Structures are given as C-alpha cells and as structure tokens.
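None of the values given here were measured: they were computed from a predicted structure. Proteins get letters first, then strands, A, B, ... in listed order; numbering begins at 1 in each.
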There are 2 protein chains.
Amino acid sequence: MRAALLQDLEEAMRRSSAQGVLYGQTVANVAGIANSDLECMDILYLEGRVTAGRLAEVTGLTTGAITGVVDRLEKAGLVRRERDEKDRRKVFISVVPEKAMKIGELYVPMQQAMEKVFGAYSDEELRLLLRFANEGYKGVLAATEALKSLIDTPPEKRPDLKLKKLRRQP
Amino acid sequence: MRAALLQDLEEAMRRSSAQGVLYGQTVANVAGIANSDLECMDILYLEGRVTAGRLAEVTGLTTGAITGVVDRLEKAGLVRRERDEKDRRKVFISVVPEKAMKIGELYVPMQQAMEKVFGAYSDEELRLLLRFANEGYKGVLAATEALKSLIDTPPEKRPDLKLKKLRRQP
DNA sequence: GCTAAATCTCTTAGTGACTAAGATATATAT
DNA sequence: ATATATATCTTAGTCACTAAGAGATTTAGC
C-alpha cells in the first residue's frame, strides 16, 4: 500500500523532473545559447556574483569548460567578468540584468503554469511542499556525495546494495 | 506572505531539480555512458519498449542522434533493437534487464536518501506530494508547449509577458 | 493495383562543447 | 626567498550533436 504510493511518487517525480530538463533545453534553444550556458545563468541568479571556480564546482564541468561558457556569455552581453581586487587570481562572474531579462522572460510560461498549479494549494500545504523540496535537495546532495564515494570503492568492498524493483509492469 | 512562500518554493524546487540533474550526470559518468544515453535508459524503464522515433520525441534529440545513442547502448549490451514485424520501418528498443541492473544499482544511494526523506511523511502527506508531482508534470508539459508556440510568434505579437522578479536580494 | 506522398530509421559531413594536461599569474607557508 | 598551493586560462584532441538527405516501407489517391 505505502510501498505502491512511494513507487508512484518516485515515478511521478522522475517524470516531472525529466520534463523540467526538457523545458530548460527549449529555453536554451530559443535563447540561442548552449545548455550549460543557461545552467550557469541560472546559478548566477540563485547565488548572485560567483567565481569561475564555483561555477565549475556546481555544474560539474572542468574549469576549462567554464572559461568557454563565460566567454560565450560575455560575448552575448549576458554576464560580466570582474577580477577580485583582494585576490587577483579570482574572477567574479555577474549577470548583466538588462540583457538577462530577455532570457528570464522565457520562463514566464513556466511561472504561469506553476502559479496555476500552486493556486490549488493552501498556505499550509505549500509549506509542506517547501519543507519537502528543501529536504529533498539535501537528500539528493547527500546521495550525490555517496555515489561519488562509491566510485573509488572497489565493487567487492561496496556495501550490499539492494536495488528496489524500478518499475511495476504495466 | 504567500508571495514569499511561493518564491521560496520556486527556488527550492529549482535547486533540488538542478541537483537531481547533477546526480544523473554522476551516474552517467560512473556507468561510463553519455548523458543522453542514460536519459534514454530512463525512458525505456518508464515507458517500456519504445521506438527510436519516440525516443527522439521525448528527449528532444534528432532521429540521427538517437541512432547514435542506440548504437552505443546496444554495443554496451544494455539494449536490444527489434524490428516491428507489423510495420517494418519501425525499430523497437528494449532494455536488457541483466545488464541494465548494474546501472540501476547506481540509483541506490538516491533511493536510500529519498526513502529517508519520505519516511518523515504520513501516507496522507505523501498523497499530497504525489498529487503535486502529477499536476506539476502536466504543468511543465503545458509550459513546454506554450514556450514552443512562442518561438514562431513574432515578438511584437506576443502576449504581454510580465516576468516576476526572480530572486529576492539576499 | 499502381503511382505518389508520407513515415520511419539510418548515413554522412561538419560543428561545437567538452576533457586532460599543462601554462600563467597570484597567494600562502616554511 | 623559495616552494607549494590556488585560480583561471590555453591548447589539442575527442565525441555527441545537427542538418540534410538516402533508403526502406507503408498509406492514400486515382
């Protein structure tokens, strides 16, 4: 009973997450920038002014790749490079708000759709969703670390991993 | 008040979704396959036996790219190609369960983390989350379509798009 | 039934974002 | 002062992707 609920939930979340990725791809397409470029714009919105190295860390790209990303974004006028005066090795990247706005507008359909969905929930329920989203984030973050640590554990030394059946047969 | 809640929620969901993408990248990395290859494996799990064209549709890749994806996956023994006997133009792709299992195991850290998160919620609450996930999926799907239709609408004819402020200043 | 148009996958040539390795510049430690 | 560490950039090479179209099969119109 509860097991079925959990499985449905997992599947539903996978689906919506995959569709979210697809939305992002479409945005990047329309904006005429690469996928990773858009992802970095997103991070810049969430975290504000960040260093190139931090972008590499968060995206999982190499610093070399980030140089390319920032080059392209800078050329498109979407971001600015600013050397840190205190530590002149560092380069801060920040968005150019006026230009970035045009990309932000491409998220309007998404915002409208979400507004509509959220509209059906009470404040109380939204707080539950928020709590879940935050805990989910922490969980995924921890899982990512766990997976990474699994990499350099030889298979025979790995803790016994029991995979749940992934999909009920339709 | 509610506006702040909605904004927090949006941001939390964006964060967790981004981290989810990163988890997927790590899985692909560990499994030694390309990102899109893993995405297709995922779709094959969710939808079962699907045609090459359907994969292109769902992933947003061209059919040419899908040929490459399936070539690599087939070479790795993860999927099989089967011509449809009724319509011999079609090619069905299906996973080879024994081989795919090894990739499935890489999702165990994620499953464990999610189990832990879900554990803190009652059945009632999980049903709320499920409802939200399903409605969210439909919303994102609709938004994707809306965005696509925006592409071939000349900017001056577009409905007035009011972008909400994306981030509260920290 | 026969031809034309449509549908589905694959092929080919070319492009561009990515990695790995190392160069450069600056900062910190002994 | 020298060595080590840190942060970004450069370079060469690789690989997945797109666009365009070919090949194979099915569907539609006459």
Side-chain angles (χ1 to χ4, degrees), chain A residues 21-22 24-26 28-44 47 49-76 78-94 148 151, chain B residues 21-22 24-44 49-76 78-94 148 151:
Chain A
V21 171
L22 209 54
Q25 280 177 15
T26 310
N29 241 306
V30 176
I33 63 178
N35 229 292
S36 311
D37 299 12
L38 181 64
E39 194 192 342
C40 287
M41 289 297 292
D42 230 55
I43 293 163
L44 288 170
E47 305 214 1
R49 191 163 159 265
V50 301
T51 65
R54 172 81 183 142
L55 282 181
E57 209 177 289
V58 176
T59 57
L61 297 178
T62 61
T63 59
I66 292 297
T67 299
V69 169
V70 178
D71 282 352
R72 291 189 297 271
L73 289 178
E74 197 175 36
K75 204 162 151 189
L78 291 165
V79 305
R80 245 192 297 272
R81 272 186 172 95
E82 300 165 41
R83 281 219 108 81
D84 185 354
E85 287 307 321
K86 293 190 174 173
D87 182 344
R88 299 190 44 75
R89 292 168 304 178
K90 289 186 186 168
V91 171
F92 278 110
I93 323 292
S94 58
K148 278 184 188 163
I151 298 175
Chain B
V21 170
L22 209 54
Q25 279 177 16
T26 310
V27 169
N29 240 307
V30 176
I33 63 178
N35 228 294
S36 311
D37 299 12
L38 181 63
E39 194 192 343
C40 286
M41 289 296 291
D42 230 54
I43 293 162
L44 289 169
R49 191 162 159 267
V50 301
T51 64
R54 172 82 183 142
L55 281 182
E57 208 177 289
V58 176
T59 57
L61 297 177
T62 61
T63 59
I66 292 297
T67 300
V69 169
V70 176
D71 282 352
R72 291 190 297 272
L73 290 177
E74 196 175 37
K75 204 163 151 188
L78 291 165
V79 306
R80 245 192 297 272
R81 272 187 171 94
E82 298 164 44
R83 280 219 109 81
D84 185 354
E85 287 307 320
K86 293 189 174 173
D87 181 344
R88 299 190 44 75
R89 293 168 304 178
K90 290 186 186 168
V91 172
F92 278 111
I93 323 292
S94 57
K148 278 186 189 162
I151 299 176

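- For the salt bridge (Lys or Arg N to Asp or Glu O under 4.0 Å) test, residues two or more places apart in sequence or in another chain that qualify with D71(A) are R81(A).
- Computed from coordinates, the F92(A) CZ to dT8(D) P distance equals 9 Å when rounded to whole Å.
- Residues that satisfy the side chain to side chain contact (heavy atoms under 4.5 Å, CB included) test with D37(A), not counting sequence neighbours, are I33(A), A34(A), V69(A), R72(A), L73(A).
- Residues satisfying the side chain to side chain donor-acceptor pair (under 3.5 Å) criterion with D87(A), sequence neighbours excluded, are R89(A).
- To the nearest 0.5 Å, the span separating OG on S36(A) from CG on D42(A) amounts to 12.0 Å.
- S94(B) OG to L78(B) CG: the interatomic distance, rounded to the nearest 0.5 Å, is 11.5 Å.
- For residues 63-75 of chain A, proximity to DNA chain D is found at T63(A), G64(A), T67(A), defined as any non-hydrogen atom under 4.0 angstrom from a strand atom.
- Residue order along DNA chain C, read from the 5' end via each residue's closest nucleotide, puts R81(B) first among R81(B) and S36(A).
- Distance CG/D84(A) to CZ/F92(A): 4.5 Å, rounded to 0.5 Å.
- Under the rule for a salt bridge (Lys or Arg N to Asp or Glu O under 4.0 Å), the partners of R54(B) that lie at least two apart in sequence or sit in another chain are E47(B), E57(B).
- Looking at every heavy atom in both residues, G60(A) comes nearest to L22(B) through N-CD1, 4.3 Å.
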| message | Each nucleotide in nucleotides 24-30 of chain C should get exactly one letter: B, S or -. Can you fill that in based on protein heavy atoms under 4.0 Å? | response | -BBS---
